[in-house]
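Atoms within each ligand, like the ligands themselves, are counted from 1 in listed order.
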Amino acid sequence: MSGDLLFVNARQVVTCAGPGRARRGEEMNDAAIRDSVAVHVRDDTIVGVDRETELRAALPDATLIDCERGVLMPGFVDSHTHAVFGRARYDEQELRASGVPYMEIARRGGGIHASVRDLRARGEDELFALATPRLAALAASGVTTVEVKSGYGLSLDDELKTLRVIRRLASTLPMRIVPTWLGAHEIPLEYRDRTGGRREYVERLIHEMLPAVAAERLARFADVFCEPGVFTVDESRAILTASREAGLGIKLHADELSAGGGAELAAMLGATSADHLAAISEAGIAALAAAGTVATLLPATLLFLGKRDHAPARRMIDAGVGVAIATDFNPGTSPTTNFPLVLTLGVSQLRLSVAEAVVAATVNGAGALGLADRVGQLAPGFSADLALWAIDDVRELPYWLGTGRCRASWTRGKPCHPRDLGLAFPR
Ligand SMILES: [Zn+2]
């Protein structure tokens, strides 16, 4: 048997083929859709996308994968998640709906500090067991690459524990998993409430946690929650500059609630991505465009929180920024693993075209992880990361609101849909 796979009988093949970098401006509006073509995969790599009749004739011994007249696409790249956590936080939802402010929810023991307390009390095995079906649920919605952040540990031991869980997930599940260290997610309570505590925590991040993370090679990126009331621009700059010097790529949670200079800082530091950006300023948009930093927008978070002030995606694209979309999967503000829902919100709330939403979810998601030269396209030389959808037209993907129609998915040419792995859905 040859090692050749041929994906045949697709009604549409959405290739997203083009330059191996994040797309910007007008470039985003082309998902390079083809019909009557097959995709040729050998081992973990795409060899070519060519006319089906010719490929079948040229490769008579290839293993055929019948797409049953569905739509074949690059797998989604979910470039922003907090997928390693303990218990769900459904108890906060009604409180928020009834108007209880976040600070009061936090005072009653909810909010991010609830997730921190909870994660610290659990062992690696338990966190791994909780995260596995959650990531499998992402794979079931067509995600083949996922970034997973730490950030509910906020101590040396608990951040390392989280990152080791992520490493174990990466070696166990077929999906491609990109680990990010987010020790600067919040100032932990034991530092926040005493004089000099905040400065001490920032010092520990830089001089204790970062060297340990770098020494064990546990993360590819460092991320900071840069927002007034969390980490200031100066603190973020210090943490990220040290992280870059330690060999990590850098990302920022920036301008989520107010335009505090986070996007400008991301641009100045040459960050791979700046994320959230609902409150970004015009100067911030211009800075991201000039620096080529990808703007990762997270519309499911605003939907879940009942907010309407979405990031200005259209103004960003018009200004030449490369826009990505992601789930922000986390227990507090975006408990969803439904990636097609994010596409729906990309079209209905961010006003993207379907092609722009698809590029934002594939090529530009890969760009937000520094992987755009090998992930996010069905094109020769790219990783064989594919998702097959039981739909007739790619425009159905954002149309069937909240409905999962992913039939199968592959990462590096290997099946990664939980149905193929015998994995259960999460509880
Ligand atoms: Zn986040």
Side-chain angles (χ1 to χ4, degrees), residues 77-86 88-89 92 102 106 111-116 119 131 134-135 138 143 145-154 159 162-163 166 177-188 205 219-231 236 239-240 243 248-258 260 262-263 265-266 271-280 293-305 307 309-311 323-339 341-342 345 350 360-361 365 368-369:
V77 178
D78 194 354
S79 61
H80 186 134
T81 83
H82 306 254
V84 175
F85 59 90
R89 293 193 351 231
E92 295 170 23
Y102 177 80
I112 181 174
H113 297 292
S115 289
V116 172
L119 180 133
R134 290 169 180 161
L135 289 181
L138 275 174
V143 173
T145 294
V146 58
E147 184 256 21
V148 184
K149 302 175 195 293
S150 68
Y152 296 121
L154 308 187
E159 285 294 302
T162 310
L163 290 166
I166 298 170
I177 295 178
V178 177
T180 294
W181 170 58
L182 179 59
H185 198 185
E186 174 62 292
I187 306 278
L205 284 170
R220 194 173 308 164
F221 288 95
D223 191 348
V224 173
F225 204 117
C226 178
E227 190 78 31
V230 193
F231 289 90
S236 303
I239 296 161
L240 292 170
S243 299
L248 300 182
I250 58 182
K251 293 174 152 291
L252 268 89
H253 284 63
D255 301 340
E256 179 177 359
L257 305 170
S258 56
L265 177 65
T272 307
S273 75
D275 301 30
H276 282 293
L277 306 173
I280 191 172
T293 295
V294 174
T296 301
L297 309 185
L298 309 165
T301 307
L302 285 104
L303 173 81
F304 185 74
L305 294 175
K307 294 183 177 181
D309 44 351
H310 284 271
V323 167
I325 53 176
T327 61
D328 193 18
F329 175 48
N330 79 79
T333 62
S334 189
T336 185
T337 54
N338 187 329
F339 205 104
L341 175 65
V342 177
L345 297 171
L350 301 176
L369 298 176

Under the side-chain hydrogen bond (donor to acceptor under 3.5 Å, both in side chains) test, residues paired with Ser115 that sit two or more places apart: Arg89
Can His253 and His185 be counted as having a side-chain donor-acceptor contact under 3.5 angstrom? no
A side-chain contact here means heavy atoms from C-beta on lying under 4.5 Å apart; do Thr145 and Leu369 qualify? yes
Taking 2.8 Å as the limit, list every protein N, O or S atom around the Zn ion (ligand 1), by chain and residue number. His80 NE2, His82 NE2, His253 NE2
Report the residues that fulfil side chain to side chain contact (heavy atoms under 4.5 Å, CB included) with Leu305, sequence neighbours left out, ordered by chain and then residue number. Arg96, Thr301, Lys307, Thr333
Partners passing side-chain hydrogen bond (donor to acceptor under 3.5 Å, both in side chains) against Ser273 (at least two apart in sequence or in another chain): Lys251, Asp275
Any donor-acceptor pair under 3.5 Å linking the side-chain atoms of Ser79 with those of Glu147? no
